[in-house]
Amino acid sequence: MSNGVHSVSQTSVPGGRLARLLAELKLLNGAPDTDFAERLGRLFDLSDTVALDAANGHRASGPFFAGLKDYQRLRGDLDKARDKLVAALTRAFEPEQQGTRNGLPAPVADYEPYQQFYVARQRQLTAGLQPVRVRLRGALADAGPAAAQLAELDTVFEATLTAYARRAFGAIPRLLARRFDALKPDGQRRLLEDDTDDPAAWMAPGGWLHRFTGEMQLLLLAELEARLEPPRGLLDALYNEVRDRT
């Protein structure tokens, strides 16, 4: 769908595609903090530190059986999960899905239904990727001592960062309220108070709501890519481990 978002330089804003889109839509007060290590350190309390120490000290003795076929199977699983989520996001924005349980809300000048829609899509992303990440950890645990240690570390990191990630991603639909209000013309701020105002026209190409929902779709796709980074990292680690043994 047409979205009205202009392309941005790949190096203009640190933090990946999602951060660049948020900055371009003026939903960030400034460039994302690049000192990630310092911010990450603040997320761990003493109990987390103990858990990390235990994970760092984890030494699996084997035997180890994971091989190239396991990597290929899990790579296919991750690709299928991504493709399924992309297809679901694409379908949710199709005009014929508008007003249905899994589609965009019927055109309204109130942001709340769109926030609920976005949050529901975020839940789909979480549910769609989590099982593959768990299976990847299982394969790593069966691939070698270093890989098993990485699986333990990923378990601790995921448990510790879950609340942080939920807050970070959860801020996006709230920030979008600002964009919704910025795009909405003054004459359309009160639904149907003007009998000549047709909400269906807002979703026509060039309409303010059509542009907003296009931007929302781009953000969800960028968020999916951000959420894919941890399982992709595990997949790369699994490949490196089994490649060295074949």
Side-chain angles (χ1 to χ4, degrees), residues 10 14-22 32 36-37 39-40 43-44 48 51-52 54-56 58 60 64-92 118-173 217-246:
Q10 295 294 304
R17 179 185 172 199
L18 180 59
R20 288 194 296 272
L21 281 171
L22 288 168
F36 180 75
R39 290 184 291 126
L40 182 65
L43 300 175
F44 293 92
D48 298 318
L52 278 176
N56 273 316
H58 179 74
F64 302 106
F65 299 105
L68 191 58
K69 287 185 178 179
D70 297 284
Y71 162 76
Q72 292 170 339
R73 172 176 51 81
L74 286 164
R75 183 182 64 181
D77 288 349
L78 188 58
D79 287 344
K80 288 177 184 176
R82 180 189 182 277
D83 291 347
K84 184 176 180 180
L85 289 168
V86 169
L89 287 177
T90 301
R91 185 167 57 253
Y118 197 102
V119 170
R121 304 289 81 71
Q122 287 181 313
R123 293 195 190 103
Q124 286 182 340
L125 298 182
T126 300
L129 294 177
Q130 180 61 19
V132 185
R133 185 170 181 176
V134 171
R135 292 198 296 275
L136 278 163
R137 281 202 293 259
L140 281 166
D142 196 30
Q149 184 182 47
L150 176 60
E152 288 291 317
L153 286 168
D154 184 70
T155 300
V156 174
F157 270 101
E158 184 183 26
T160 303
L161 297 177
T162 293
Y164 175 77
R166 186 181 299 116
R167 289 194 301 272
F169 288 125
I172 297 174
Q217 185 180 30
L218 286 179
L219 282 170
L220 281 165
L221 291 169
E223 184 174 328
L224 169 59
E225 291 302 310
R227 290 173 181 267
L228 278 165
E229 290 182 11
R232 280 175 171 164
L234 296 178
L235 187 66
D236 288 344
L238 178 62
Y239 173 74
N240 291 334
E241 187 72 22
V242 300
R243 179 198 58 192
D244 292 343
R245 291 195 286 106
T246 57

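At least one side-chain heavy atom of Leu228 sits less than 4.5 Å from a side-chain heavy atom of Leu78. Looking at heavy atoms from C-beta onward, Arg75 lies out of side-chain contact with Leu238 at the 4.5 angstrom threshold.
Here the straight-line distance linking atom CG of Leu218 with atom CG of Leu18 works out to 11.0 Å at 0.5 Å rounding. With rounding to the nearest 0.5 Å, the separation of CD in Glu241 from OH in Tyr71 is 14.0 Å. Here the CZ atom belonging to Arg17 is positioned 9.0 Å from the CG atom belonging to Leu219, to the nearest 0.5 angstrom. The distance from the CG atom of Leu140 to the CD atom of Gln149 is 11.5 Å, given to the nearest 0.5 Å. Taking CZ of Arg137 as the start and CG of Leu153 as the end, the distance is 11.0 Å to the nearest 0.5 Å. Put simply, CG on Asp236 and CG on Leu136 are 10.0 Å apart, with the number rounded to the nearest 0.5 Å.
A salt bridge between Arg73 and Asp70 is present, with a side-chain N of the basic residue lying under 4.0 Å from a carboxylate O of the acidic one.
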Distance-only check: which donor-acceptor pairs under 3.5 Å involve side-chain atoms of residues 122-131, not counting sequence neighbours?
{"from": "Gln122", "atom 1": "NE2", "to": "Phe169", "atom 2": "O", "distance (Å)": "2.8"}
{"from": "Gln122", "atom 1": "NE2", "to": "Glu223", "atom 2": "OE1", "distance (Å)": "3.2"}
{"from": "Gln122", "atom 1": "NE2", "to": "Glu223", "atom 2": "OE2", "distance (Å)": "3.1"}
{"from": "Gln124", "atom 1": "OE1", "to": "Arg121", "atom 2": "NE", "distance (Å)": "3.2"}
{"from": "Thr126", "atom 1": "OG1", "to": "Gln122", "atom 2": "O", "distance (Å)": "3.3"}
{"from": "Thr126", "atom 1": "OG1", "to": "Arg227", "atom 2": "NH1", "distance (Å)": "3.0"}
{"from": "Gln130", "atom 1": "NE2", "to": "Glu158", "atom 2": "OE2", "distance (Å)": "3.2"}

